[in-house]
Amino acid sequence: MTPARARRHERFSTEIQLTPASASAFATAAGDANPLHHDAVFAASTRFGGVIASGPQTTSLLLGLVATHFAPRGALLGVEFTFRFMRAVLADQRVKLEWLVVRVRPAGRSGGELVDLRGRLQTQDGRTAVGAKGRVLLTDAL
């Protein structure tokens, strides 16, 4: 019997320092010209009061943490992820990314495991800005 690659209730997290320059660079790479991610003067005049990180940036950080966490345990394939944007993420703060394994089950023919996750990105004031759910396949044979 192959040892489990993931465990129910397993938690993992990291913290990332965002900057307006990194938010702008990410948005540019993603093809996002929204001035909320690039123009400090414009962004300061909005209800956000400053440059904000784009949705693709915040979700990429969450996805990257999943991939990095499970990489030493075998091949990883994202099956599905959903995200809920609850508030803007100012691009000049430290954010916390965290995930919880909520279910692990055999993946059938692949011989791996399907892992269900719940995650979030919290702003430095401890409020959840992005909620996430996901499912990945962990296996030796993709």
Side-chain angles (χ1 to χ4, degrees), residues 1-40 42-44 46-142:
M1 180 179 203
T2 304
R5 291 180 173 86
R7 296 175 319 279
R8 189 168 179 247
H9 302 300
E10 177 179 352
R11 294 178 181 273
F12 52 101
S13 64
T14 193
E15 291 188 12
I16 304 281
Q17 178 63 51
L18 300 176
T19 66
S22 68
S24 179
F26 192 97
T28 297
D32 184 344
N34 184 338
L36 285 170
H37 311 310
H38 301 281
D39 186 336
F42 172 82
T46 69
R47 66 185 173 126
F48 306 116
V51 172
I52 61 173
S54 66
Q57 182 179 15
T58 59
T59 58
S60 291
L61 292 170
L62 284 161
L63 291 168
L65 177 57
V66 171
T68 297
H69 179 75
F70 289 114
R73 303 180 194 186
L76 174 79
L77 180 65
V79 176
E80 66 180 290
F81 284 88
T82 58
F83 299 95
R84 183 169 179 226
F85 299 102
M86 295 177 239
R87 59 187 35 89
V89 177
L90 288 171
D92 62 353
Q93 66 179 308
R94 192 163 191 79
V95 296
K96 182 176 183 180
L97 312 168
E98 56 186 5
W99 286 97
L100 168 67
V101 174
V102 294
R103 184 176 177 197
V104 180
R105 63 189 185 281
R109 292 179 300 171
S110 74
E113 298 170 342
L114 285 171
V115 181
D116 292 336
L117 304 150
R118 297 281 187 273
R120 66 182 174 176
L121 180 148
Q122 285 182 299
T123 55
Q124 60 192 30
D125 63 2
R127 295 171 65 183
T128 298
V130 181
K133 293 180 183 178
R135 179 172 295 143
V136 296
L137 171 65
L138 280 172
T139 185
D140 289 328
L142 288 176

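Side-chain atoms of R5 come within 3.5 Å of backbone atoms of R73 as a donor-acceptor pair (strictly under, hydrogens ignored). Side chain of R120 to main chain of V130: no donor-acceptor pair is present (N/O by atom type, distance under 3.5 Å, no hydrogens or angles).
Side-chain atoms of V104 and R7, non-hydrogen and from C-beta on, never get closer than 4.5 Å to each other. Considering only heavy atoms from C-beta on, F70 comes within 4.5 Å of L117 through its side chain.
Atom CZ in R103 sits 9.5 Å away from atom CZ in R8 (nearest 0.5 Å). Atoms CD and CG, on E113 and L137 in that order, are 9.0 Å from each other to the nearest 0.5 Å. In this structure, the separation between CD on E98 and CZ on R118 is 14.0 Å, given to the nearest 0.5 Å.
Residues forming a salt bridge (Lys or Arg N to Asp or Glu O under 4.0 Å) with R105 (at least two apart in sequence, or on another chain): D116. Legend: residues meeting salt bridge (Lys or Arg N to Asp or Glu O under 4.0 Å) with K133, ordered by chain and number and at least two apart, are absent. For E15, the side chain to side chain contact (heavy atoms under 4.5 Å, CB included) partners are R94, K96, not counting sequence neighbours.
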Result block: side-chain N/O donor-acceptor pairs under 3.5 angstrom for residues 81-93, not counting sequence neighbours:
from : atom 1 : to   : atom 2 : distance (Å)
R87  : NH1    : T128 : O      : 2.7
Q93  : OE1    : Q124 : N      : 3.0
Q93  : NE2    : L90  : O      : 3.2

Please list every donor-acceptor pair under 3.5 Å in which a side-chain atom of residues 48-65 meets a protein atom from a residue at least two apart or in another chain.
from : atom 1 : to  : atom 2 : distance (Å)
S54  : OG     : Q57 : N      : 3.3
T58  : OG1    : G55 : O      : 3.0
T59  : OG1    : G55 : O      : 3.0
T59  : OG1    : P56 : O      : 3.2
S60  : OG     : P56 : O      : 2.7

Show me the donor-acceptor pairs, under 3.5 Å and distance only, between side chains in residues 19-29 and residues at least two apart or in other chains.
from : atom 1 : to  : atom 2 : distance (Å)
T19  : OG1    : S22 : N      : 2.9
T19  : OG1    : S22 : OG     : 3.1
S22  : OG     : T19 : N      : 3.1
S22  : OG     : T19 : O      : 2.9
S24  : OG     : H38 : ND1    : 2.8
T28  : OG1    : S24 : O      : 2.9

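Here the shortest heavy-atom pairing between A129 and T123 reads CB-CG2, 3.9 Å.
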